[in-house]
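Before we start, here is the structure in question, set down as structure tokens.
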There are 2 protein chains.
Amino acid sequence: MQNSKALFSPIREKRTFERVSAKIKRLILDGVLKPGDHLPSEIELARQFDVSRQTLREALRILELTGFITVQKGGSGGPLIQDTLMNSISNLYLDAFQMEKITIEELTVIRCDIEKSMLNHVIDKSVEADFAALEANLIEASRKIEDNQPAIHENIEFHNILAKASKNNVYPVVVGSIAAATRDLLTRLIDETLSEKGLSEYDENMVNTKVAVVSHKAILAAIRKRDKKTAVQLLEQHLHEVGNRLKKLAK
Amino acid sequence: MQNSKALFSPIREKRTFERVSAKIKRLILDGVLKPGDHLPSEIELARQFDVSRQTLREALRILELTGFITVQKGGSGGPLIQDTLMNSISNLYLDAFQMEKITIEELTVIRCDIEKSMLNHVIDKSVEADFAALEANLIEASRKIEDNQPAIHENIEFHNILAKASKNNVYPVVVGSIAAATRDLLTRLIDETLSEKGLSEYDENMVNTKVAVVSHKAILAAIRKRDKKTAVQLLEQHLHEVGNRLKKLAK
DNA sequence: TCACATTTGTCCGTATGTATC
DNA sequence: AGATACATACGGACAAATGTG
């Protein structure tokens with residue numbers, strides 16, 4: 001009898017560019033290649049893998065789209081290894097939204113569910129350094145608002161810092177991707193309505209970021225007091241506000 | 001002040017293959033091209049877009065990876081429009097989890113958190129058809145067990161059916177991804193220690209699948225009664241058992 | 001500021017394997 | 001079984017962009 005490996009071996013051999021991209025991906029996942037590292041140039045990579053440049057480029061496209069690398073032209077350019085796949089996941093969520101596979105409500109609901117669970121861990125596990133990071137985020141956000149800039153990035157980052165404070169490495173991935181998706185959805189919807197309705201949206205946007213920062217401050221205070229009930233309640237309310245804002249923009 | 005659209009307009013002109021893939025994607029999103037439709041062949045597409053084969057192929061790679069199309073070789077083959085975008089998101093999550101150094105414990109904890117939240121929606125939203133699907137799953141699992149086969153696949157599927165019953169399309173993606181990541185990590189760990197362990201695992205495995213099916217039956221009964229408290233409690237206990245079993249396997 | 005080297009982006013032509021009719 | 005249609009893969013070439021000296 002043949003061994004099971006031979007019995008269940010893939011029906012069709014993988015294409016060359018798939019094997020190449022899988023190989024590079026494995027090197028990254030195993031830590032042999034680290035974020036920030038430059039890969040050799042296309043020509044050099046093609047030579048080392050003994051494939052044509054066309055094949056290698058198709059492999060690079062896969063790695064680029066999945067977020068493992070970016071590519072820069074010109075001298076000292078080339079493929080550059082990245083450290084996060086958040087943007088790629090977020091982009092796919094946007095596609096899914098456009099294909100009407102998911103709705104704003106669904107995204108909001110699951111985000112609320114997950115972040116509430118996360119917050120419980122945060123209150124159990126967070127230490128002084130986490131408070132400091134959150135505090136720094138709020139200060140930066142306030143500064144931007146005083147400069148009359150919407151602190152969109154900082155407001156997303158607040159949730160990412162929270163995820164890290166849960167001391168569970170899965171939470172930053174899940175929360176980060178969904179948060180990024182809502183952010184991208186938000187900016188896109190604002191961009192679309194901006195051209196139609198004029199600049200009035202801008203002010204509303206400023207008001208909303210201000211409201212978000214206030215909510216964040218209240219949540220941090222509750223976390224500091226290790227007050228689960230209040231913290232969860234504030235978070236829930238905050239995320240519902242964000243969801244409603246999205247819904248209003250989408251209409 | 002300029003509006004934000006001009007401020008954040010793309011730094012560099014998009015590459016040709018990006019424009020091509022975006023164009024095709026747009027046709028799919030707008031419903032002009034529907035799942036099941038055949039795209040023209042590479043050569044024909046290249047001719048119509050007036051780009052080279054290589055450029056067009058890179059565009060196809062993007063569409064393929066994002067789940068918009070598959071590609072078939074041979075006569076009357078060619079690019080075929082698909083609808084597997086949600087699968088692509090799951091695959092990306094799997095990559096993202098692997099990039100973080102994640103442990104079985106972390107995965108177990110977050111799985112328990114998320115499935116508990118999910119179960120609440122299931123109890124609110126599930127209909128008779130969902131019960132039927134779950135019931136069918138349990139019957140199939142029981143049948144396999146009577147044949148002395150471990151119903152591993154069926155037991156995993158039970159949770160996927162639950163995720164669908166939540167009526168939130170994001171849940172199947174997240175829950176499925178975490179389950180897939182757990183399996184992936186586990187097989188990795190087991191492969192490493194395979195030489196030490198013998199086939200004695202098999203009997204234990206059978207016992208565990210039996211226990212799991214019993215738990216699943218109890219959970220379904222609670223869902224049918226719309227008894228949130230009991231259902232969540234049973235699920236939590238069940239996932240803790242699974243977690244402990246995985247921990248033992250991984251050691 | 002300007003030329004140069006490096007690297008990606010793009011195109012063309014060709015050959016081969018494979019699935020379908 | 002043979003012809004056809006298609007993706008896959010290779011090699012060579014030039015253009016465009018970008019950092020460096």
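Naming: A, B, ... by sequence-line order, numbering from 1 per chain.
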For A/Lys14 and C/dG17, give me the distance from atom NZ to atom P, rounded to whole Å.
-> 22 Å

Pairing residues for A/Lys101 by the side chain to side chain donor-acceptor pair (under 3.5 Å) criterion, not counting sequence neighbours = B/Asp83

A/Tyr93: partners by ring-ring contact (aromatic ring centres under 6.0 Å, His included), with sequence neighbours left out =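 Residues passing ring-ring contact (aromatic ring centres under 6.0 Å, His included) with A/Tyr93: none at all.
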
Protein-nucleotide distance (B/Ile43, atom CD1; C/dC12, atom C1'), rounded to Å |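 Taking CD1 of B/Ile43 and C1' of C/dC12, I get 13 Å after rounding.
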
Rounded to whole Å, the CG-P distance (A/Leu60 to C/dT10) equals 14 Å

For A/Glu64 and C/dT8, what is the distance between atoms CD and C1' respectively, to the nearest whole Å?
->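 A/Glu64 atom CD is separated from C/dT8 atom C1' by 11 Å.
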
Sequence-distant partners of A/Glu42, side chain to side chain donor-acceptor pair (under 3.5 Å), two or more places apart | A/Arg53, A/Arg57

ring-ring contact (aromatic ring centres under 6.0 Å, His included) partners of B/Tyr171, counting only residues at least two apart | B/His121

Any residue meeting salt bridge (Lys or Arg N to Asp or Glu O under 4.0 Å) with A/Lys23, in chain and number order, not counting sequence neighbours = none

Whole-Å gap separating C1' (C/dT10) and CZ (B/Phe49) |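 Value for this atom pair: 16 Å.
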
From CZ of A/Arg15 across to C1' of D/dA9 the rounded distance in Å is 12 Å

Only counting residues at least two apart or in another chain, list the ones meeting ring-ring contact (aromatic ring centres under 6.0 Å, His included) with A/Phe158.
-> A/His216

Strictly below 4.0 Å, heavy-atom distances to any atom of DNA chain C: list the hits from residues 34-41 of chain B, or just say none.
->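 Nothing qualifies; none.
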
Would you kindly give the CD-to-P distance between A/Glu42 and D/dA17, to the nearest whole Å?
->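 Computing the A/Glu42:CD to D/dA17:P distance gives 16 Å.
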
Sugar-phosphate means primed atoms, P, OP1 and OP2; the rest is base. With that split, encode nucleotides 10-15 of chain D 5' to 3' as B, S or - using protein heavy atoms under 4.0 Å.
-> B--B--

Using nucleotides 19-21 of chain D, report all nitrogen or oxygen pairs with the protein that are shorter than 3.5 Å.
residue : atom : partner : partner atom : Å
D/dG19  : O4'  : A/Gly75 : O            : 3.2
D/dG19  : O3'  : A/Ser76 : OG           : 3.3

Say whether, by atom type as modelled, one donor and one acceptor occur between the side chain of A/Asp30 and the main chain of A/Leu27 under 3.5 angstrom.
-> no

Below 4.0 angstrom from OP1 or OP2 of C/dG9, is there any side-chain N or O of A/Arg61?
-> yes

State whether A/Glu64 and A/Arg61 are salt-bridged, where the test is any N-O pair (Lys NZ or Arg NE/NH1/NH2 against Asp/Glu carboxylate O) under 4.0 Å.
-> yes

With sequence neighbours left out, the residues meeting side chain to side chain donor-acceptor pair (under 3.5 Å) with B/Ser76 are none

Here the salt bridge (charged side-chain N to carboxylate O under 4.0 Å, His left out) pairs for residues 168-188 of chain A, sequence neighbours left out, are none

Nearest-Å distance for atom pair CG/P, residues A/Leu45 and D/dA9 |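 Atom-to-atom, A/Leu45 to D/dA9, this comes out as 17 Å.
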
Go through the structure and list residues passing side chain to side chain donor-acceptor pair (under 3.5 Å) with A/Asn208, not counting sequence neighbours.
-> none

